[in-house]
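We're numbering straight along the sequence, starting at 1.
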Amino acid sequence: MANWYCSREAVKRAIGVYGSDHDPMVDRIIEGVSRQIDRVTRRFFIPKTETRLYRWPQEQSTRADYLWLDQDLLAITTLQSEAQNSSPTTIASTDYFLEPNNALPYNRIEIDASSTASFQAGDTPQRSISVLGRWGYSEDTRSAGTVASGLSADAAATSMVCSDSELINVGDTLLIETEQLFVSDRSFAALDSILTNGVLTANQAENIVVDGSHGIAARETIRINDEEMFVTGVSGNNLAVIRAYNGTTLAAHSDDQNVHVNRTLTVERGVNGTTGVTHANATVIYVYEPAFEVMNYAIAESVARYQQERSGWGRVTGVGETQREFVASALTREGDSFLARYRRTRMAVI
């Protein structure tokens with residue numbers, strides 16, 4: 001389970017469900033939709049580091065200096081000829097070009113005509129060319145705070161705390177230094193000595209006061225006892241919040257109750273061909289961001305599948321006044337437009 005193209009939180013917001021009861025179902029659907037997108041587009045949208053092997057010469061190709069690729073290429077680590085032999089030949093990075101020039105991703109490797117390098121078959125044409133590199137449609141990321149704790153001592157640790165939970169969601173693939181990590185879940189943990197100041201009554205108060213240097217950021221979710229609250233603004237120790245958030249119950253809270261923040265992440269380490277290593281506290285975290293259309297389609301398709309599954313794959317969703325006929329024509333049009341934009345062309349020579 002890795003490389004989702006939308007988050008659990010995004011799908012749940014679109015559906016309008018709260019709490020954790022539906023999380024396993026939502027997660028399963030997002031995983032299935034993401035792998036369907038891989039299949040129908042013939043590409044993937046979060047980069048992987050791996051070795052891919054190619055026949056040489058390629059079938060039906062008339063070019064002795066072109067290697068056509070069956071997947072999007074972002075960067076090469078090692079290029080080798082006669083790969084199945086005991087002593088393959090490494091082709092230097094100065095002896096080839098990645099094409100098309102000035103555009104990512106690359107779809108072919110061309111030998112520099114001014115060099116003496118060449119692609120060569122080994123004992124047989126099969127698996128003669130080896131390409132170790134980063135593969136995928138793009139490797140766009142956004143900054144997502146820093147590591148607060150959990151990764152500095154153990155390269156296999158599966159729990160970490162981030163500095164700002166608003167920036168990371170369940171289903172995100174993270175890049176920390178050279179390692180990719182997949183966020184499979186999150187939970188609340190108490191902040192040290194961060195306590196409510198004054199009694200909170202069971203009404204829709206929009207502001208609460210906390211003690212100490214809390215570090216809580218706007219758009220984070222906090223929890224006091226069993227009630228969750230969404231932080232809409234921060235001014236010193238004053239937090240503007242939406243009470244009874246995420247389907248929880250509005251309640252009264254006495255003074256000096258612990259404030260919990262939703263920053264503890266369950267992670268899968270060393271995904272997509274990377275290696276798990278230790279990371280010091282305050283190391284910057286990046287989140288991979290597939291193209292907007294990819295994320296948008298993944299959300300739409302996940303919501304549609306959720307509604308269809310909940311209705312028993314019938315034509316009607318909901319009950320009572322919320323009952324409506326399920327019509328997928330808009331999603332079909334969206335899918336057609338999405339595929340026209342992102343489906344990778346098959347290369348006849350591969």
**OP:** Answer with yes or no whether the hydrophobic clustering places I299 together with Y342; edges join I, L, V, M, F, W, Y residues whose side-chain heavy atoms lie under 4.5 Å apart.
**Re:** yes

Subject >> Working for salt bridge (charged side-chain N to carboxylate O under 4.0 Å, His left out), residues E9 and R13 >> reply: CA-CA 6 Å; E9 291 85 345; R13 283 194 297 269; over 6 Å; no

**OP:** Would you give the length of the straight line joining atom CG of L265 to atom CG of D185, rounded to the nearest 0.5 angstrom?
**Re:** 9.5 Å

**OP:** Rounded to the nearest 0.5 Å, what's the gap from OG on S128 to CZ on F119? Could you check?
**Re:** 11.5 Å

**OP:** Tell me, with the steps shown, if I76 and I109 meet side chain to side chain contact (heavy atoms under 4.5 Å, CB included).
**Re:** CA-CA 10 Å; I76 288 181; I109 304 170; 3.6 Å; yes

Subject >> Single-linkage hydrophobic cluster, 4.5 Å side-chain cutoff, L104 and F45 together >> reply: yes

Original post:
Atom CH2 in W135, atom CD in E50: separation rounded to 0.5 Å?
Top reply: 7.5 Å

Original post:
Given S114 and D112, is the side chain to side chain donor-acceptor pair (under 3.5 Å) satisfied, shown in steps?
Top reply: CA-CA 5 Å; S114 67; D112 183 351; 2.9 Å; yes

Original post:
Atom CG in D27, atom CZ in R8: separation rounded to 0.5 Å?
Top reply: 4.0 Å

Original post:
Which atom names give the shortest non-hydrogen contact between I208 and I224, and what distance separates them?
Top reply: CD1-CD1, 4.1 Å

Subject >> Same apolar cluster: I168 and L191, side chain cutoff 4.5 Å >> reply: no

**OP:** Measure the shortest side-chain to side-chain distance between T278 and S152 over non-hydrogen atoms and say whether it is less than 4.5 angstrom.
**Re:** no

Original post:
Does the salt bridge (charged side-chain N to carboxylate O under 4.0 Å, His left out) test come out yes or no for R341 and E293, once each step is laid out?
Top reply: CA-CA 9 Å; R341 171 69 176 82; E293 295 90 345; 5.3 Å; no

Original post:
Is it true that D164 and R263 have a side-chain N and a carboxylate O under 4.0 angstrom from each other?
Top reply: no

Original post:
Do we see a donor-acceptor contact under 3.5 Å between the side chains of N107 and D72?
Top reply: no

Original post:
Near Y286 OH, under 6.0 Å, is it more than 12 heavy atoms from other residues, nucleotides or ligands?
Top reply: no

Original post:
Does R269 reach the main-chain N or O of A155 with its side chain, forming a donor-acceptor pair under 3.5 Å?
Top reply: yes

Subject >> Step-by-step salt bridge (charged side-chain N to carboxylate O under 4.0 Å, His left out) determination, D70 to R52 >> reply: CA-CA 9 Å; D70 64 340; R52 303 182 77 86; 3.2 Å; yes

Original post:
Hey, does M160 have a side-chain heavy atom less than 4.5 Å from the side chain of V147?
Top reply: yes

Original post:
Less than 6.0 Å separating the ring centroids of W68 and Y54?
Top reply: no

**OP:** Take D95 and I111, measure what side chain to side chain contact (heavy atoms under 4.5 Å, CB included) needs, and give me the verdict at the end.
**Re:** CA-CA 6 Å; D95 290 339; I111 294 295; 5.7 Å; no

**OP:** Could you tell me whether the side chain of S7 and the main chain of A10 form a donor-acceptor pair under 3.5 Å?
**Re:** yes

**OP:** Examine V40 and I30 and state if one hydrophobic cluster contains both, with Ile, Leu, Val, Met, Phe, Trp and Tyr joined whenever side-chain heavy atoms are less than 4.5 Å apart.
**Re:** yes

Original post:
Should S159 and V267 count as side-chain neighbours, where that means a heavy-atom distance under 4.5 Å?
Top reply: no

Original post:
Under a single-linkage definition using a 4.5 Å side-chain heavy-atom cutoff for Ile, Leu, Val, Met, Phe, Trp and Tyr, are V259 and V234 assigned to the same hydrophobic cluster?
Top reply: yes

**OP:** Taking the side chain as every heavy atom from C-beta outward, state whether E334 and N296 have any atom pair closer than 4.5 Å.
**Re:** yes

Subject >> Heavy-atom neighbours of R28 CZ exceed 12 at 6.0 Å >> reply: yes

Original post:
In Å and rounded to the nearest 0.5 Å, what is the CD1 to CD1 distance from I91 to I129?
Top reply: 6.0 Å

Subject >> Heavy-atom closest contact (Q58 atom, L67 atom, distance) >> reply: NE2-CD1, 3.5 Å

Original post:
Strictly by modelled atom types, are E31 and W4 linked by a side-chain donor-acceptor pair under 3.5 Å?
Top reply: yes

Original post:
Should S165 and E220 be marked as a side chain to side chain donor-acceptor pair (under 3.5 Å) after you check the CA-CA gap, both sets of side-chain angles, and the distance that decides it?
Top reply: CA-CA 6 Å; S165 61; E220 287 198 283; 2.8 Å; yes

**OP:** Measure from the side-chain N and O atoms of T248 to the backbone N and O of Y245, and report whether any donor-acceptor pair falls under 3.5 Å.
**Re:** yes

Original post:
At what distance, to the nearest 0.5 angstrom, does CG of N3 lie from CG of D172?
Top reply: 11.0 Å

**OP:** Check step by step if side chain to side chain contact (heavy atoms under 4.5 Å, CB included) holds for I216 and V231.
**Re:** CA-CA 8 Å; I216 297 170; V231 180; 4.0 Å; yes

**OP:** Output yes when a side-chain donor or acceptor of S302 lies under 3.5 Å from a complementary backbone atom of A298, and no otherwise.
**Re:** yes

Original post:
Please walk me through it: do L239 and N207 pass side chain to side chain contact (heavy atoms under 4.5 Å, CB included)?
Top reply: CA-CA 5 Å; L239 308 181; N207 293 279; over 6 Å; no

Subject >> Flag if over 12 foreign heavy atoms under 6.0 Å of CZ, R108 >> reply: yes

**OP:** Look at atom CG of D336 and say whether more than 12 heavy atoms of other residues, nucleotides or ligands are closer to it than 6.0 Å.
**Re:** yes

Subject >> R43 versus P105, closest heavy-atom pair with distance >> reply: NH2-CG, 4.4 Å

Original post:
If we ignore angles and hydrogens, is there a donor and acceptor under 3.5 Å between the side chains of Q80 and T90?
Top reply: yes

Original post:
Do the side-chain N and O atoms of T201 and N203 include a donor-acceptor pair separated by under 3.5 angstrom?
Top reply: yes

Original post:
After noting the C-alpha distance and the side-chain angles of R223 and E228, does the key distance pass the salt bridge (charged side-chain N to carboxylate O under 4.0 Å, His left out) rule?
Top reply: CA-CA 4 Å; R223 192 188 73 204; E228 295 182 22; over 6 Å; no

Subject >> Backbone N/O of L250 and side chain of E227: donor-acceptor pair under 3.5 Å >> reply: no

**OP:** Would you check if there is a donor-acceptor pair between the side chains of T173 and Q180 at a distance under 3.5 Å?
**Re:** no

Subject >> Cation-pi geometry met for R35 and Y5 (6.0 Å, 45°) >> reply: yes

**OP:** For residues V11 and C6, report the shortest heavy-atom separation together with the two atoms involved.
**Re:** CG2-SG, 3.7 Å

**OP:** Give the minimum heavy-atom separation between L69 and R344, together with the two atoms involved.
**Re:** O-NH2, 3.1 Å

Original post:
Does a donor on one side chain and an acceptor on the other come within less than 3.5 Å for Y96 and E110?
Top reply: no

Subject >> Heavy-atom pair of closest approach, residues H22 and Y306 >> reply: ND1-OH, 3.3 Å

Subject >> Side-chain touch S184/E268, heavy atoms, less than 4.5 angstrom >> reply: no

